[in-house]
Amino acid sequence: MATLGVSVYPDIRPLDEIADYLRLASKHGFTRVFTSMFSVEGTPEEVLAYFRDLDAVAHECGMEVSLDINPECMARLNATPSDLSVFAGINADILRMDGAYGEDDNVTMLANPYGMKIEYNASALMPEAIESMVARGVDKDRILACHNFYPQRYTGFRWDKFRQVNDRLSALGIRIGAFVASQAPGTHGVWDAVCGLPTVEMMRDWPADLAARVLAAAGATDVFFGNAYASEAELAAVAEALAPEEPHYTTPVVEETLRHSDYLDLDQLTSTTRRVRVEPLYDLTAVEREILFDFFPHIDMGDSSEWIWRTRIPRMFYQNETIAPRPFAGSEFPVGSVVMVNDNYKHYAGEVQVVLRPLINDGTRNLVGRIDEREMTMFDVIRDNELVVFIPAR
(Lines give C-alpha, C1' and ligand atoms only; values in the text may rest on other atoms or scores of the structure.)
Protein backbone atom coordinates (compact mmCIF):
# COMPACT_ATOMS: atom_id res chain seq x y z
CA MET A 1 0.00 0.00 0.00
CA ALA A 2 1.32 3.46 -0.89
CA THR A 3 1.92 6.02 1.86
CA LEU A 4 0.70 9.52 0.99
CA GLY A 5 2.45 12.78 1.79
CA VAL A 6 2.47 16.52 1.24
CA SER A 7 5.26 19.10 1.12
CA VAL A 8 5.27 22.36 3.07
CA TYR A 9 7.49 25.43 2.86
CA PRO A 10 7.99 27.25 6.18
CA ASP A 11 10.21 29.85 4.53
CA ILE A 12 7.27 30.86 2.31
CA ARG A 13 4.10 30.39 4.39
CA PRO A 14 3.32 30.89 8.12
CA LEU A 15 3.01 27.92 10.46
CA ASP A 16 -0.69 28.43 11.22
CA GLU A 17 -1.48 28.22 7.51
CA ILE A 18 0.69 25.10 7.14
CA ALA A 19 -1.05 23.57 10.15
CA ASP A 20 -4.45 23.98 8.47
CA TYR A 21 -3.10 22.22 5.37
CA LEU A 22 -1.72 19.31 7.39
CA ARG A 23 -5.04 18.86 9.16
CA LEU A 24 -6.83 18.81 5.80
CA ALA A 25 -4.36 16.33 4.32
CA SER A 26 -4.53 14.05 7.35
CA LYS A 27 -8.33 13.96 7.02
CA HIS A 28 -7.79 12.26 3.65
CA GLY A 29 -5.32 9.69 4.96
CA PHE A 30 -2.00 11.48 4.31
CA THR A 31 0.62 10.46 6.87
CA ARG A 32 3.90 11.97 5.63
CA VAL A 33 5.27 15.52 5.45
CA PHE A 34 8.28 16.63 3.42
CA THR A 35 9.91 19.95 4.28
CA SER A 36 13.24 21.63 3.66
CA MET A 37 15.23 22.54 6.74
CA PHE A 38 18.21 24.05 4.98
CA SER A 39 16.12 26.70 3.21
CA VAL A 40 14.96 28.36 6.45
CA GLU A 41 17.07 31.27 7.61
CA GLY A 42 17.85 32.21 11.20
CA THR A 43 20.10 31.26 14.05
CA PRO A 44 20.42 27.55 14.87
CA GLU A 45 18.18 28.10 17.88
CA GLU A 46 15.51 29.83 15.78
CA VAL A 47 15.56 27.14 13.08
CA LEU A 48 15.35 24.31 15.59
CA ALA A 49 12.55 26.02 17.50
CA TYR A 50 10.54 26.47 14.33
CA PHE A 51 10.84 22.85 13.28
CA ARG A 52 10.11 21.65 16.81
CA ASP A 53 6.75 23.42 16.47
CA LEU A 54 6.20 22.04 12.96
CA ASP A 55 6.99 18.50 14.12
CA ALA A 56 4.52 18.92 16.98
CA VAL A 57 1.72 20.00 14.64
CA ALA A 58 2.44 17.13 12.25
CA HIS A 59 2.50 14.60 15.10
CA GLU A 60 -0.86 15.89 16.33
CA CYS A 61 -2.15 15.01 12.85
CA GLY A 62 -0.62 11.54 13.00
CA MET A 63 2.02 12.43 10.39
CA GLU A 64 5.76 11.74 10.15
CA VAL A 65 8.09 14.52 8.99
CA SER A 66 11.02 14.17 6.60
CA LEU A 67 13.45 17.03 7.23
CA ASP A 68 15.41 17.74 4.06
CA ILE A 69 18.98 18.49 5.14
CA ASN A 70 22.54 18.31 3.80
CA PRO A 71 26.02 18.27 5.36
CA GLU A 72 26.20 22.08 5.30
CA CYS A 73 22.89 22.34 7.17
CA MET A 74 24.08 19.81 9.71
CA ALA A 75 27.27 21.77 10.30
CA ARG A 76 25.25 24.98 10.78
CA LEU A 77 23.14 23.22 13.44
CA ASN A 78 26.21 21.69 15.13
CA ALA A 79 25.22 18.15 14.18
CA THR A 80 27.56 15.43 12.94
CA PRO A 81 26.99 11.91 11.61
CA SER A 82 27.82 10.53 15.06
CA ASP A 83 25.78 13.14 16.96
CA LEU A 84 22.21 13.72 15.79
CA SER A 85 21.01 14.86 19.20
CA VAL A 86 19.81 18.26 17.92
CA PHE A 87 17.31 16.48 15.68
CA ALA A 88 16.23 14.15 18.45
CA GLY A 89 15.66 17.26 20.56
CA ILE A 90 12.96 18.46 18.16
CA ASN A 91 11.40 14.99 17.84
CA ALA A 92 12.45 14.51 14.23
CA ASP A 93 11.23 11.32 12.53
CA ILE A 94 13.24 11.17 9.30
CA LEU A 95 16.34 12.98 8.04
CA ARG A 96 16.30 13.25 4.26
CA MET A 97 19.85 13.69 3.01
CA ASP A 98 19.75 15.91 -0.05
CA GLY A 99 23.50 15.48 -0.17
CA ALA A 100 24.93 12.44 1.58
CA TYR A 101 28.23 11.82 3.35
CA GLY A 102 30.56 8.98 2.47
CA GLU A 103 29.58 5.41 3.24
CA ASP A 104 31.18 5.18 6.68
CA ASP A 105 29.38 8.30 7.92
CA ASN A 106 26.12 7.14 6.33
CA VAL A 107 26.39 3.85 8.22
CA THR A 108 27.10 5.76 11.43
CA MET A 109 23.98 7.90 10.93
CA LEU A 110 21.84 4.81 10.38
CA ALA A 111 23.02 3.45 13.72
CA ASN A 112 21.85 6.56 15.63
CA PRO A 113 20.48 5.76 19.10
CA TYR A 114 17.24 7.69 18.55
CA GLY A 115 15.59 5.38 16.04
CA MET A 116 15.54 8.10 13.36
CA LYS A 117 15.30 6.86 9.80
CA ILE A 118 17.65 8.22 7.15
CA GLU A 119 16.21 8.95 3.72
CA TYR A 120 18.60 9.12 0.78
CA ASN A 121 18.28 11.10 -2.43
CA ALA A 122 17.21 8.42 -4.91
CA SER A 123 17.76 10.74 -7.86
CA ALA A 124 21.39 11.44 -6.97
CA LEU A 125 22.82 8.68 -4.75
CA MET A 126 23.50 5.67 -6.92
CA PRO A 127 21.57 2.50 -5.98
CA GLU A 128 24.86 0.67 -5.56
CA ALA A 129 25.68 2.98 -2.62
CA ILE A 130 22.59 1.75 -0.79
CA GLU A 131 23.30 -1.81 -1.89
CA SER A 132 26.76 -1.50 -0.34
CA MET A 133 25.36 -0.22 2.96
CA VAL A 134 22.86 -3.07 3.07
CA ALA A 135 25.71 -5.51 2.45
CA ARG A 136 27.39 -4.13 5.59
CA GLY A 137 24.45 -5.28 7.67
CA VAL A 138 22.73 -1.98 8.49
CA ASP A 139 19.13 -2.04 9.67
CA LYS A 140 17.21 -1.85 6.38
CA ASP A 141 14.11 -0.66 8.18
CA ARG A 142 15.92 2.60 8.87
CA ILE A 143 16.74 3.23 5.20
CA LEU A 144 14.36 5.17 2.99
CA ALA A 145 14.90 6.62 -0.48
CA CYS A 146 13.19 9.66 -1.94
CA HIS A 147 13.60 11.11 -5.41
CA ASN A 148 14.05 14.82 -6.09
CA PHE A 149 11.43 17.19 -7.41
CA TYR A 150 12.22 19.66 -10.20
CA PRO A 151 10.92 23.26 -10.31
CA GLN A 152 12.28 24.10 -13.78
CA ARG A 153 10.27 22.78 -16.72
CA TYR A 154 12.08 20.16 -18.84
CA THR A 155 14.57 19.30 -16.08
CA GLY A 156 12.68 16.48 -14.35
CA PHE A 157 13.77 12.87 -14.11
CA ARG A 158 13.67 10.61 -17.18
CA TRP A 159 10.92 8.02 -17.06
CA ASP A 160 13.16 5.10 -18.01
CA LYS A 161 15.83 6.12 -15.47
CA PHE A 162 13.21 6.46 -12.74
CA ARG A 163 12.06 2.90 -13.39
CA GLN A 164 15.62 1.55 -13.48
CA VAL A 165 16.52 3.12 -10.13
CA ASN A 166 13.30 1.90 -8.55
CA ASP A 167 13.84 -1.66 -9.76
CA ARG A 168 17.23 -1.73 -8.02
CA LEU A 169 15.91 -0.26 -4.78
CA SER A 170 12.74 -2.38 -4.77
CA ALA A 171 14.89 -5.50 -5.03
CA LEU A 172 16.45 -4.46 -1.70
CA GLY A 173 13.06 -3.92 -0.08
CA ILE A 174 13.66 -0.17 0.29
CA ARG A 175 10.70 2.21 0.43
CA ILE A 176 10.84 4.79 -2.37
CA GLY A 177 9.37 8.30 -2.36
CA ALA A 178 8.44 10.38 -5.41
CA PHE A 179 6.52 13.58 -6.09
CA VAL A 180 3.46 14.51 -8.13
CA ALA A 181 2.55 18.06 -9.08
CA SER A 182 -0.62 19.72 -7.89
CA GLN A 183 -2.44 21.41 -10.77
CA ALA A 184 -4.28 23.79 -8.42
CA PRO A 185 -3.90 27.51 -9.23
CA GLY A 186 -1.53 29.64 -7.18
CA THR A 187 0.65 26.88 -5.75
CA HIS A 188 4.11 27.58 -4.35
CA GLY A 189 7.35 25.77 -3.67
CA VAL A 190 11.11 26.11 -3.62
CA TRP A 191 12.96 28.52 -5.91
CA ASP A 192 9.84 30.34 -7.10
CA ALA A 193 8.32 27.13 -8.44
CA VAL A 194 5.46 28.01 -10.78
CA CYS A 195 5.45 24.89 -12.99
CA GLY A 196 4.69 22.32 -10.33
CA LEU A 197 7.16 20.13 -8.49
CA PRO A 198 7.10 16.63 -9.99
CA THR A 199 9.78 13.98 -9.96
CA VAL A 200 9.21 12.70 -13.51
CA GLU A 201 9.23 15.40 -16.17
CA MET A 202 6.60 13.90 -18.45
CA MET A 203 4.12 13.96 -15.55
CA ARG A 204 4.51 17.68 -14.82
CA ASP A 205 1.09 18.63 -16.19
CA TRP A 206 -0.72 15.36 -15.48
CA PRO A 207 -3.70 15.11 -13.15
CA ALA A 208 -2.25 14.23 -9.76
CA ASP A 209 -4.26 11.03 -9.34
CA LEU A 210 -3.03 9.65 -12.69
CA ALA A 211 0.59 10.55 -11.88
CA ALA A 212 0.22 8.92 -8.46
CA ARG A 213 -1.15 5.67 -9.91
CA VAL A 214 1.66 5.47 -12.46
CA LEU A 215 4.40 6.27 -9.94
CA ALA A 216 3.06 3.64 -7.55
CA ALA A 217 2.92 1.04 -10.31
CA ALA A 218 6.55 1.93 -11.10
CA GLY A 219 7.68 1.16 -7.56
CA ALA A 220 7.07 4.35 -5.58
CA THR A 221 5.78 3.36 -2.15
CA ASP A 222 5.55 6.92 -0.81
CA VAL A 223 3.83 9.49 -3.02
CA PHE A 224 4.03 13.19 -2.11
CA PHE A 225 2.57 16.35 -3.54
CA GLY A 226 5.64 18.46 -4.37
CA ASN A 227 4.08 21.90 -4.55
CA ALA A 228 1.61 23.39 -2.08
CA TYR A 229 -1.17 23.67 -1.51
CA ALA A 230 -2.89 20.79 -3.30
CA SER A 231 -6.64 21.30 -3.47
CA GLU A 232 -8.90 19.16 -1.34
CA ALA A 233 -10.27 17.59 -4.52
CA GLU A 234 -6.74 16.54 -5.49
CA LEU A 235 -6.01 15.18 -2.02
CA ALA A 236 -9.19 13.12 -2.16
CA ALA A 237 -8.52 11.93 -5.72
CA VAL A 238 -4.99 10.71 -4.93
CA ALA A 239 -6.19 9.01 -1.75
CA GLU A 240 -8.91 7.23 -3.73
CA ALA A 241 -6.53 6.31 -6.56
CA LEU A 242 -4.07 4.59 -4.20
CA ALA A 243 -6.47 3.15 -1.65
CA PRO A 244 -6.26 -0.62 -1.14
CA GLU A 245 -8.81 -2.47 -3.20
CA GLU A 246 -11.74 -3.67 -1.11
CA PRO A 247 -11.40 -7.42 -0.51
CA HIS A 248 -13.08 -9.44 -3.25
CA TYR A 249 -11.84 -12.81 -2.13
CA THR A 250 -15.18 -13.96 -0.71
CA THR A 251 -17.04 -13.56 -3.99
CA PRO A 252 -18.01 -16.72 -5.91
CA VAL A 253 -15.95 -15.67 -8.93
CA VAL A 254 -12.77 -15.30 -6.90
CA GLU A 255 -13.34 -18.47 -4.90
CA GLU A 256 -13.85 -20.43 -8.11
CA THR A 257 -10.79 -18.80 -9.69
CA LEU A 258 -8.60 -19.67 -6.72
CA ARG A 259 -9.72 -23.29 -6.81
CA HIS A 260 -8.49 -23.64 -10.38
CA SER A 261 -5.51 -21.32 -10.24
CA ASP A 262 -1.81 -21.75 -9.71
CA TYR A 263 -1.03 -18.07 -10.33
CA LEU A 264 -3.28 -16.27 -7.79
CA ASP A 265 -3.30 -16.30 -4.01
CA LEU A 266 -5.03 -14.37 -1.25
CA ASP A 267 -1.99 -12.15 -0.66
CA GLN A 268 -2.30 -10.83 -4.20
CA LEU A 269 -6.01 -10.28 -3.84
CA THR A 270 -5.51 -8.09 -0.77
CA SER A 271 -2.56 -6.11 -2.16
CA THR A 272 -2.78 -2.80 -3.98
CA THR A 273 -4.62 -3.23 -7.25
CA ARG A 274 -3.67 -1.21 -10.34
CA ARG A 275 -6.56 0.98 -11.43
CA VAL A 276 -6.85 2.01 -15.08
CA ARG A 277 -9.38 4.54 -16.36
CA VAL A 278 -11.30 3.52 -19.48
CA GLU A 279 -13.66 5.66 -21.53
CA PRO A 280 -16.55 3.34 -22.45
CA LEU A 281 -17.61 3.55 -26.09
CA TYR A 282 -21.00 2.88 -27.64
CA ASP A 283 -23.97 1.79 -25.60
CA LEU A 284 -22.41 -1.25 -23.98
CA THR A 285 -24.61 -4.20 -23.21
CA ALA A 286 -25.16 -5.10 -19.57
CA VAL A 287 -22.83 -8.09 -19.96
CA GLU A 288 -20.06 -6.05 -21.62
CA ARG A 289 -20.24 -3.37 -18.90
CA GLU A 290 -20.28 -5.97 -16.14
CA ILE A 291 -17.23 -7.76 -17.53
CA LEU A 292 -15.30 -4.54 -18.09
CA PHE A 293 -16.04 -2.61 -14.90
CA ASP A 294 -17.43 -5.03 -12.31
CA PHE A 295 -15.57 -8.28 -12.87
CA PHE A 296 -12.67 -9.11 -10.56
CA PRO A 297 -9.90 -10.11 -10.97
CA HIS A 298 -8.54 -8.90 -14.30
CA ILE A 299 -4.99 -10.16 -14.72
CA ASP A 300 -2.45 -10.87 -17.46
CA MET A 301 -0.66 -14.09 -16.67
CA GLY A 302 2.50 -13.05 -18.50
CA ASP A 303 2.22 -14.98 -21.74
CA SER A 304 0.61 -12.28 -23.88
CA SER A 305 2.16 -11.04 -27.11
CA GLU A 306 3.55 -7.57 -27.79
CA TRP A 307 0.20 -6.62 -29.35
CA ILE A 308 -2.11 -6.91 -26.34
CA TRP A 309 -2.45 -6.91 -22.58
CA ARG A 310 -4.87 -9.78 -22.06
CA THR A 311 -7.14 -10.81 -19.21
CA ARG A 312 -8.68 -14.18 -19.97
CA ILE A 313 -10.45 -15.11 -16.74
CA PRO A 314 -13.82 -13.47 -17.63
CA ARG A 315 -14.37 -15.89 -20.49
CA MET A 316 -14.46 -18.77 -18.00
CA PHE A 317 -17.45 -17.25 -16.21
CA TYR A 318 -19.40 -15.77 -19.14
CA GLN A 319 -19.18 -18.62 -21.63
CA ASN A 320 -22.97 -19.05 -21.59
CA GLU A 321 -23.66 -15.35 -22.11
CA THR A 322 -24.20 -13.72 -25.49
CA ILE A 323 -21.60 -11.22 -26.67
CA ALA A 324 -22.99 -10.31 -30.05
CA PRO A 325 -20.54 -8.98 -32.67
CA ARG A 326 -20.66 -5.19 -33.04
CA PRO A 327 -19.69 -3.69 -36.40
CA PHE A 328 -16.52 -1.59 -36.45
CA ALA A 329 -15.66 0.26 -39.65
CA GLY A 330 -11.91 0.48 -39.16
CA SER A 331 -9.50 -2.10 -40.51
CA GLU A 332 -7.41 -1.82 -37.34
CA PHE A 333 -7.96 -1.12 -33.67
CA PRO A 334 -5.54 1.67 -32.68
CA VAL A 335 -3.27 1.65 -29.63
CA GLY A 336 -5.29 2.33 -26.50
CA SER A 337 -8.38 0.50 -27.71
CA VAL A 338 -10.07 -1.82 -25.23
CA VAL A 339 -11.66 -4.74 -27.02
CA MET A 340 -13.69 -7.77 -25.97
CA VAL A 341 -13.76 -11.05 -27.87
CA ASN A 342 -17.26 -11.70 -29.21
CA ASP A 343 -19.26 -14.76 -30.23
CA ASN A 344 -17.53 -14.97 -33.60
CA TYR A 345 -14.78 -16.72 -31.61
CA LYS A 346 -16.92 -18.33 -28.93
CA HIS A 347 -14.12 -20.16 -27.12
CA TYR A 348 -12.56 -16.80 -26.16
CA ALA A 349 -15.76 -14.73 -25.88
CA GLY A 350 -15.65 -12.39 -22.89
CA GLU A 351 -11.88 -12.01 -22.87
CA VAL A 352 -10.77 -8.38 -22.45
CA GLN A 353 -7.73 -7.07 -24.30
CA VAL A 354 -5.92 -3.72 -24.28
CA VAL A 355 -4.31 -2.91 -27.63
CA LEU A 356 -0.59 -2.12 -27.30
CA ARG A 357 0.15 -2.19 -31.04
CA PRO A 358 -2.36 -1.64 -33.88
CA LEU A 359 -4.49 -4.77 -34.14
CA ILE A 360 -6.17 -6.04 -37.31
CA ASN A 361 -9.95 -6.05 -37.06
CA ASP A 362 -10.95 -9.59 -38.08
CA GLY A 363 -14.50 -9.38 -36.73
CA THR A 364 -13.88 -11.40 -33.57
CA ARG A 365 -13.50 -8.40 -31.22
CA ASN A 366 -15.89 -5.64 -30.13
CA LEU A 367 -14.51 -2.20 -29.39
CA VAL A 368 -15.79 -1.43 -25.89
CA GLY A 369 -13.56 1.39 -24.67
CA ARG A 370 -10.59 3.65 -25.12
CA ILE A 371 -7.67 4.52 -22.83
CA ASP A 372 -6.09 7.98 -22.96
CA GLU A 373 -2.49 8.17 -24.21
CA ARG A 374 -1.15 9.29 -20.83
CA GLU A 375 -3.18 6.62 -19.05
CA MET A 376 -1.61 4.01 -21.32
CA THR A 377 1.67 4.64 -19.49
CA MET A 378 0.26 2.30 -16.86
CA PHE A 379 0.96 -0.58 -19.22
CA ASP A 380 4.67 0.31 -19.18
CA VAL A 381 4.75 -0.69 -15.53
CA ILE A 382 1.89 -3.09 -14.77
CA ARG A 383 3.68 -6.35 -14.12
CA ASP A 384 2.63 -9.86 -15.02
CA ASN A 385 0.12 -11.27 -12.52
CA GLU A 386 -0.70 -7.87 -11.04
CA LEU A 387 -4.39 -7.33 -10.49
CA VAL A 388 -6.13 -4.64 -12.55
CA VAL A 389 -9.45 -2.87 -12.09
CA PHE A 390 -10.92 -0.88 -14.95
CA ILE A 391 -12.78 2.24 -13.82
CA PRO A 392 -14.85 4.59 -15.98
CA ALA A 393 -13.04 7.74 -17.09
CA ARG A 394 -14.31 10.93 -15.49
Side-chain angles (χ1 to χ4, degrees), residues 3 5-19 21-22 25-26 30-61 63-101 105-106 108-110 112-125 142-151 175 177-179 187-193 197 199 222 224-229:
T3 298
V6 294
S7 303
V8 296
Y9 300 95
D11 54 324
I12 301 176
R13 291 290 193 271
L15 182 58
D16 58 347
E17 189 176 297
I18 289 173
Y21 182 49
L22 297 187
S26 67
F30 285 66
T31 59
R32 292 281 306 274
V33 182
F34 177 91
T35 189
S36 175
M37 200 172 196
F38 58 75
S39 62
V40 175
E41 297 180 352
T43 66
E45 294 75 20
E46 290 170 335
V47 172
L48 291 169
Y50 180 89
F51 283 98
R52 182 183 296 109
D53 292 342
L54 177 61
D55 287 345
V57 170
H59 293 162
E60 287 173 8
C61 296
M63 306 174 85
E64 283 189 311
V65 181
S66 290
L67 296 176
D68 199 26
I69 62 174
N70 57 27
E72 292 76 17
C73 175
M74 288 182 61
R76 183 160 62 100
L77 298 176
N78 300 312
T80 67
S82 59
D83 181 6
L84 303 180
S85 58
V86 293
F87 301 111
I90 62 172
N91 300 311
D93 303 301
I94 300 164
L95 301 181
R96 196 267 184 176
M97 299 301 298
D98 187 58
Y101 290 95
D105 284 337
N106 290 337
T108 297
M109 290 183 69
L110 286 165
N112 72 83
Y114 310 108
M116 278 184 288
K117 298 173 184 176
I118 309 299
E119 190 168 49
Y120 294 99
N121 186 335
S123 301
L125 188 70
R142 289 196 180 188
I143 300 178
L144 302 173
C146 182
H147 287 276
N148 279 337
F149 49 43
Y150 296 88
R175 294 192 67 85
F179 295 88
T187 60
H188 61 275
V190 296
W191 305 308
D192 301 318
L197 284 172
T199 290
D222 305 304
F224 297 83
F225 277 97
N227 47 335
Y229 300 115

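As the structure is a prediction and not an experimental result, all values here were calculated from the model.
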N/O donor-acceptor pair under 3.5 Å between D55 side chain and R52 backbone: no
Considering all heavy atoms, the nearest S36-P10 contact: O-CG, 4.5 Å
Nearest heavy-atom neighbours spanning H59 and M63: CD2-O, 3.3 Å
Derivation of the side chain to side chain contact (heavy atoms under 4.5 Å, CB included) call for F38 and M74: CA-CA 9 Å; F38 58 75; M74 288 182 61; over 6 Å; no
For I18 against R13, the heavy-atom pair lying closest together: CD1-O, 3.6 Å
Exam field: side chain S123 to backbone N148, donor-acceptor pair closer than 3.5 Å: yes
Main-chain N/O of I94 paired to S66 side chain as donor or acceptor, under 3.5 Å: no
Separation between OH of Y9 and OG of S39, rounded to the nearest 0.5 Å: 9.0 Å
Straight-line distance of N106 CG to I118 CD1, nearest 0.5 Å: 8.5 Å
Interatomic distance, R76 atom CZ to N70 atom CG [nearest 0.5 angstrom]: 9.0 Å
All pairs passing salt bridge (charged side-chain N to carboxylate O under 4.0 Å, His left out) where residues 86-100 contributes a residue, at least two apart: D68-R96, R96-D98
Which atom of A92 lies closest to which atom of L67, heavy atoms considered: CB-CD1, 3.8 Å
Donor-acceptor contact below 3.5 Å, side chain T199 vs main chain F179: yes
Spacing of CG belonging to D222 relative to CZ belonging to R175, to within rounding of 0.5 Å: 4.0 Å
Spacing of CD belonging to E60 relative to CG belonging to L22, to within rounding of 0.5 Å: 10.5 Å
Tabulate below the donor-acceptor pairs under 3.5 Å that side-chain atoms of residues 82-90 make, not counting sequence neighbours, or state none.
| residue | atom | partner | partner atom | Å |
| --- | --- | --- | --- | --- |
| S82 | OG | T80 | OG1 | 3.4 |
| D83 | OD1 | S85 | N | 3.1 |
| D83 | OD1 | S85 | OG | 2.7 |

Inter-residue atom distance Y114.OH - L95.CG, 0.5 Å rounding: 11.5 Å
Non-hydrogen side-chain atoms of Y101 and T108 separated by less than 4.5 Å: no
Backbone N/O of T43 and side chain of E46: donor-acceptor pair under 3.5 Å: yes
Closest approach of A122 to A145 (non-hydrogen atoms, all atoms of both residues): CB-CB, 4.0 Å
Taking every non-hydrogen atom, the tightest pair across L197 and F149: O-CB, 3.4 Å
